[in-house]
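Contents: one structure, followed by commentary.
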Amino acid sequence: MPELPEVETVRRDVSRLFVGRKLQRLVVTGRRTVRRHAPELFVRIERQELTNVGRHGKYLCLEWSDGQVLVAHLGMSGQLLVATAGDPTVAHTHAVISFDGGRELRFVDPRTFGELFLADVRAGSRRDEALPERLAELGHLGPDAAGAEPAYLEVVLAGRRAPLKSLLVDQRVLAGIGNIYADEICSEAGLRPDRAGGSLGHDEVVSLAQSARSVLAAAIAARGSTLGDQQYRDLLGNAGRYQLQHKVYGRLAMPCVSCGRSIERLRWGARSAFWCPGCQR
DNA sequence: ACAAATACCTGTAAGC
DNA sequence: TGCTTACAGGTATTTG
């Protein structure tokens, strides 16, 4: 499942391989992948040059020479893959972005939770402004989780009764954290995932912010997590390596690498979390 | 304002 | 073996 570190890995590769290239054509074959507007709208970015690739949370933002922004969200099973024109098309390919020079970016997504859309760039906005301020569709997102600040978290967690993990995966609180990294961040911070958000003391909030930053930075350095289902692959089809450093996620009944106790799974409502009863309180 | 539940979707795995 | 069911979960929307 692509979360912030996986999307950041994709961002860096798209930037490296395609910035400076002109988009020739964007062909949509999956209706659900483009559901916010008519697929024909993409003619607006034909012949535009890719000038920058941004990211906020799990949203990837391809910025073009005339100021338009193409937004991609990979959902649960979405992949962006590099191909050469004429390569065989894999199943569940819903869109193909062709660039000059013959290379393509293909949007492949079996579960179709991902999407692609041309953003509504706010009138008068400048390119040096943050993406949520520039793009109406991203305005609801909280700060990017890779730069989590203790002072901000202290304010947004105050008085909240919801479990800490539920708040961490809430994109309005922090943008970019999903199921895997929420568990790993709680583990790193030594906090039970079912603690009420508002029950954290000052030092615990500081630890949480620091853990968010360090876990996400380490995961980016390892090019993300590729689980057994192989759903996340980078642009060239390579797996990430951060799953080798997971301390709790997916490790049910396995010994904690710190204290040796068995990793457990907590459930509330439709959510669950892996955690270590010896290290987290 | 907040919290919880639900719909969306399909490949995989478990159970009978 | 073949069928049914449960599960995975990010986001938008609805309900309480």
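The terminal axes of the helix from B:dC2-C:dG16 to B:dC16-C:dG2, fitted over 5 pairs per end, subtend an angle of 60° to the nearest 10°.
A 4.5 Å side-chain heavy-atom check between A:His73 and A:Leu60 finds every atom pair outside the cut-off. Looking at A:Asp109 and A:His92, their side chains never come closer than 4.5 Å, going by heavy atoms from C-beta outward. A heavy-atom distance below 4.5 Å is not found between the side chains of A:Leu62 and A:Leu23.
With rounding to whole Å, A:Leu4 atom CG is found 16 Å from C:dT11 atom C1'. In this structure, the CD atom of A:Glu6 is 13 Å from the P atom of C:dG9, given to the nearest Å. Atom CZ in A:Phe274 sits about 12 Å away from atom C1' in C:dC7, given to the nearest Å. Distance A:Leu74 CG to C:dA8 C1': 17 Å, rounded to the nearest Å. Whole-Å rounding puts the A:Asp170 CG to B:dA5 C1' distance at 15 Å. Straight-line distance from the CE atom of A:Met1 to the C1' atom of B:dG11: 12 Å, rounded to whole Å. Whole-Å rounding puts the A:Asp109 CG to C:dG9 P distance at 16 Å. Rounded to whole Å, atom C1' of B:dG11 lies 15 Å from atom CG of A:Leu227.
Minimum atom distance to the side chain of A:Arg160 is reached by B:dA3, of the listed C:dG10, B:dC9, B:dA3. Side-chain proximity of A:Pro163 to C:dT11, C:dG9, B:dA4: nearest is B:dA4. In this structure, the nucleotide among C:dT11, B:dA3, C:dG9 sitting nearest to the side chain of A:Tyr59 is C:dT11. Counting only heavy atoms from C-beta on, A:Pro110 has its side chain closest to B:dG11 among C:dG10, B:dA4, B:dG11.
The phosphate of C:dG9 has neither OP1 nor OP2 within less than 4.0 Å of any side-chain N or O from A:Arg271. Contact annotation: A:His73 reaches the phosphate of C:dT11 (side-chain N/O to OP1 or OP2, under 4.0 Å). For the pair A:Gln171 and C:dG10, the criterion of a side-chain N or O lying under 4.0 Å from OP1 or OP2 is not met. The phosphate of C:dA8 (OP1 or OP2) has a side-chain N or O of A:Arg265 nearer than 4.0 angstrom.
Salt bridge status for A:Arg195 with A:Glu204: present, with a side-chain N to carboxylate O gap under 4.0 Å. In summary, A:Glu129 and A:Arg134 do not engage in a salt bridge, as defined by a charged side-chain N under 4.0 Å from a carboxylate O.
Across all non-hydrogen atoms, the minimal contact from A:Gly278 to A:Cys259 is CA-SG, 4.0 Å.
Nucleic acid contact for A:Arg36: sugar-phosphate only, since backbone atoms but no base atoms lie under 4.0 Å from a heavy atom of the residue. Contact annotation for A:Arg31: no contact, since no heavy-atom pair falls under 4.0 Å across all strands. Note on A:Tyr249: only backbone sugar-phosphate atoms sit closer than 4.0 angstrom, heavy atoms only; bases stay farther off. Residue-level contact check: A:Glu115 touches neither bases nor backbone, having no heavy atom under 4.0 Å from any strand.
Atoms CG and CZ, from A:Leu167 and A:Arg161 in turn, are 11.0 Å apart once rounded to the nearest 0.5 Å.
Looking at A:Arg271, A:Glu184, A:Glu3 one by one, the single match for side chain to side chain donor-acceptor pair (under 3.5 Å) with A:Asn179 turns out to be A:Arg271.
Comparing A:His140 and A:Ser272 by the nucleotide of DNA chain C that holds the closest heavy atom to each, the one mapping nearer the 5' end is A:Ser272. In terms of position on DNA chain B, the residue among A:Ala158 and A:Trp268 whose nearest nucleotide sits closer to the 5' end is A:Ala158.
With hydrogens and angles ignored, a donor-acceptor pair under 3.5 angstrom links the side chain of A:Arg111 to the base of C:dA8.
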